[in-house]
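Down below is the structure, laid out as structure tokens.
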Amino acid sequence: MDISVHESDENPGISILKLTGELDGSNFQQVVDAAKNAKADGATHILLDMSDVPFMGSAGLVALHTVALIMQEKPLPSEDDGWSALSKMANDIDAGMQPFVKILSPQSSVERGLKKTGMNQFIEVFSDKKSALAAFGE
Amino acid sequence: MSYQRKRFDALLSELSSMRHFVLDVLETHNPVIADDAKDDIIFATNEIATNIIEHGYKGLSGEALEIDVDVSDETVTIRLRDDAPSFDPTNPETPDINAPLESRPLGKVGLFLTVEYMDAVRHRKLGDKGNEITLIKELRG
């Protein structure tokens, strides 16, 4: 997977991570690492551009959840958490939309997964960049 | 009904090849399968293959898994076979004294969704060593 990172010209502090390629267990950690680096570089919010991601497995969902936890400065689930990590993800989704991470233009198969899991109730999804960036200010 | 089988190295880097193999067979032998159904089948195949690689084989290199794809107008059946110690991912709470405890959250999310997406998920032990997971999707409409 290719990941390009740049700061929004209009909204300093918002990093746009453009993901290109299929997202699965072989490369989901790259997304998490990119978010960690963006935060370390001063990003306060992240827009994940998923317009060029034709497939996302469950590892991708875990990556998205982890990115949101990173930007919220919440503890990350450990590998030993097992089923409780799944419960934690479900609890976070139930808690409602977080304001730090948004998703841009997921392809239809990816969007189905976001809806099926309720992840779209935790990370807001947009179809255009302008609206996504503006929503960070709300 | 059309049937194809392919053997893959059990590596996470091969997941994309596995997905594309399944997609190619689906699109060749039943071009009218709905996109939603295709997505579900490919997702579930990916998750089970990931589970085999990471938990069945514990990420060890040099192992293999085999994928069968059966396609008809009514049903798609995917079978994934490995030579790993017996582990039934369809019931991850069942203790298996021959396998380590399922611990990574990654596998659990995927297994949960696989059961949600497919109409049937079955496990069969193969002899002293090995597993066969069968995924069935009924094609409706």
Side-chain angles (χ1 to χ4, degrees), chain A residues 1-2 19-32 52-69 74-93 106-120 122, chain B residues 8-23 26 33-59 61 89 91-95 100-118:
Chain A
M1 156 155 291
D2 290 329
L19 314 182
T20 302
E22 298 176 358
L23 179 50
D24 63 21
S26 71
N27 57 17
F28 78 102
Q29 190 61 43
Q30 294 175 36
V31 177
V32 175
D52 285 330
V53 178
F55 173 83
M56 182 178 72
S58 66
L61 291 165
V62 172
L64 297 180
H65 179 234
T66 303
V67 169
L69 293 179
K74 286 187 174 178
L76 305 184
S78 93
E79 290 193 3
D80 296 329
D81 284 349
W83 280 109
S84 66
L86 179 57
S87 297
K88 184 179 183 345
M89 184 187 294
N91 289 340
D92 287 340
I93 289 171
Q107 295 190 20
S108 58
S109 64
V110 172
E111 189 161 26
R112 277 186 73 234
L114 295 172
K115 288 179 179 172
K116 193 90 173 181
T117 55
M119 189 63 75
N120 63 330
F122 177 60
Chain B
F8 295 89
D9 292 332
L11 299 169
L12 292 177
S13 57
E14 286 293 293
L15 287 172
S16 180
S17 297
M18 296 174 201
R19 293 191 297 266
H20 285 277
F21 163 66
V22 173
L23 178 62
L26 293 179
I33 288 183
D35 286 345
D36 287 2
K38 269 190 286 190
D39 291 345
D40 289 351
I41 292 162
I42 290 165
F43 183 95
T45 302
N46 177 82
E47 297 308 310
I48 296 298
T50 302
N51 194 266
I52 290 170
I53 293 164
E54 295 209 305
H55 303 292
Y57 289 134
K58 302 180 190 57
S61 61
N91 186 11
E93 301 289 5
T94 304
L101 287 173
E102 173 78 313
S103 63
R104 290 186 60 178
L106 202 62
K108 291 180 172 33
V109 173
L111 294 175
F112 174 76
L113 291 174
T114 294
V115 172
E116 288 283 305
Y117 283 178
M118 301 304 283

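Quick note: numbers below take in every heavy atom, side chains included, and nothing from hydrogens, waters or symmetry partners. It should be emphasised that the depicted structure is a prediction, and the values quoted were computed from it without experimental measurement. A note on names: the letters A, B, ... follow the listed sequences, proteins ahead of strands, and every chain is numbered from 1.
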Ignoring hydrogens, what is the shortest heavy-atom contact between B:L12 and A:S26? Give both atom names and the distance.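 Smallest heavy-atom distance, with atoms named: O-CB, 3.6 Å.
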
What is the minimum heavy-atom distance between B:Y117 and A:R112, and which atoms define it?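 Where B:Y117 meets A:R112 most closely, the heavy atoms are OH-O, 4.4 Å.
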
Roughly how far, to the nearest 0.5 Å, is the [atom2] atom of [Y] from the [atom1] atom of [X]?
{"X": "B:L111", "Y": "A:S58", "atom1": "CG", "atom2": "OG", "result": "8.0 Å"}
{"X": "A:E111", "Y": "B:D39", "atom1": "CD", "atom2": "CG", "result": "12.0 Å"}
{"X": "B:S13", "Y": "A:D24", "atom1": "OG", "atom2": "CG", "result": "9.5 Å"}

B:T114, B:D36, B:D35: which one forms the most heavy-atom pairs within less than 4.5 Å of chain A?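 Among B:T114, B:D36, B:D35, the one with the most close pairs to chain A is B:D36.
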
I'd like to know if the side chain of B:E47 and the backbone of A:G57 have a donor-acceptor N/O pair within less than 3.5 Å.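 Here the side-chain-to-backbone pair does not exist.
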
Apply side-chain contact (heavy atoms from CB on, under 4.5 Å) to residues A:T117 and B:F112 and explain how you reach the verdict. CA-CA 10 Å; A:T117 55; B:F112 174 76; over 6 Å; no

Using 4.0 Å as the upper bound for N to carboxylate O, is an ion pair formed by A:E22 and B:R19?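 A salt bridge is present here (some side-chain N lies under 4.0 Å from a carboxylate O).
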
Applying side-chain contact (heavy atoms from CB on, under 4.5 Å) to A:M56 and B:F43, what does each step give before you reach the verdict? CA-CA 8 Å; A:M56 182 178 72; B:F43 183 95; over 6 Å; no

